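In this text, all values refer to a predicted model and were calculated from it rather than measured experimentally. Along the sequence shown, residues are numbered consecutively beginning with 1.
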Amino acid sequence: MSKYDELKSYLPGYYDGNTEMEAHLTASGKQLDDLFLAQQLMRDNNFIWLADEATITRVEKFFSITYDGSRALDDRKRMIVALYTGNGHFGQTDIKNVVKVFTKSPCIISLTPGVINIQITRDTNDTFILADCYFILKKKIPAHLNLIITVISPFEMDLNFGSAVTEYKEEVI
């Protein structure tokens, strides 16, 4: 229901057919429709997952995230959500929560003196951006600690006699 119809329903019946009242209701209804859409957009832009591209660009600029035009909007939103994850002490649970923003794959975190090792076992269908995960974690962990992320990616390869073999490839950042 448009705002024109809503406004018209509030008026008594003798205004039906009155051209001046119709013109006033049409103009007011259009303005109220535009106001309603602007209000919904303003509300949605307060939530990262609902925000539009212009808002995401402003938030990226605020956090000094380099904008990559080839990146999908959902990937850019994931990056911002990961920045909001974890405050104050940043421990193993917080690291897992940041990794979980980018991928649902399981991860193992080991802490050795001066180094945080993260091992992610990626599924074959998983397409998360490893550089984004590294960027966020590097901003979150203390500067005196090194960060090593190892991603294990299984892939299948067809052999000449028709069976499949699963091999594992490691990426280390």
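Neither Phe102 nor Ile108 shares a network with the other; the hydrophobic side chains, linked directly or stepwise wherever heavy atoms of I, L, V, M, F, W or Y lie under 4.5 Å apart, form separate groups for each. Val98 and Leu145 fall within the same hydrophobic cluster, defined by Ile, Leu, Val, Met, Phe, Trp and Tyr side-chain heavy atoms under 4.5 Å apart, directly or through other members. Side-chain heavy atoms closer than 4.5 Å link hydrophobic residues (I, L, V, M, F, W, Y) into clusters, and following such links, possibly through other members, connects Ile136 to Trp49.
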Would you please test Thr57 and Arg76 for side-chain contact (heavy atoms from CB on, under 4.5 Å) and show each step?
CA-CA 9 Å; Thr57 303; Arg76 294 169 58 198; 2.9 Å; yes

Candidate pair Met79 and Glu60, rule side-chain contact (heavy atoms from CB on, under 4.5 Å), full reasoning:
CA-CA 9 Å; Met79 185 86 149; Glu60 286 173 334; 5.9 Å; no

Step-by-step side-chain contact (heavy atoms from CB on, under 4.5 Å) determination, Thr55 to Arg58
CA-CA 5 Å; Thr55 302; Arg58 284 196 311 272; 3.5 Å; yes

May I have the step-by-step check of side-chain contact (heavy atoms from CB on, under 4.5 Å) for Thr121 and Ser105, ending in yes or no?
CA-CA 6 Å; Thr121 305; Ser105 299; 5.7 Å; no

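Interatomic distance, Ile118 CD1 to Ile109 CD1, rounded to the nearest 0.5 Å: 5.0 Å. Once rounded to the nearest 0.5 Å, the distance linking CG of Asp132 with CG of Asp75 reads 7.0 Å. Taking CZ of Phe62 as the reference point, atom CG of Leu83 lies at 10.5 Å (rounded to 0.5 Å). Between the CD atom in Gln39 and the CG atom in Asp44 there is a gap of 10.5 Å [rounded to 0.5 Å]. Interatomic distance, CD1 of Ile56 versus CD1 of Ile80, reported as 4.0 Å (0.5 Å rounding). Atom-to-atom distance recorded for Asp52:CG and Leu41:CG is 5.0 Å, nearest 0.5 angstrom.
The nearest pair of heavy atoms linking Arg122 to Val151 is NE-CG1, 3.5 Å.
Between Asp74 and Arg78 there is no salt bridge, since no side-chain nitrogen of the basic residue lies less than 4.0 Å from a carboxylate oxygen of the acidic one.
If you look at Phe63 and Tyr84, their ring centroids are closer than 6.0 Å.
Between the side chain of Lys77 and the main chain of Ala51, a donor-acceptor pair closer than 3.5 Å is present. Remark: the backbone N or O of Met42 is not paired with any side-chain donor or acceptor of Asn45 at under 3.5 angstrom.
Residue Lys30 places its NZ atom among 12 or fewer non-hydrogen atoms of other residues, nucleotides or ligands, all under 6.0 Å distant. In Lys139, the NZ atom is crowded: over 12 heavy atoms of neighbouring residues, nucleotides or ligands sit closer than 6.0 Å.
Here the side chains of Gln92 and Lys96 are in contact, with some heavy-atom distance below 4.5 Å.
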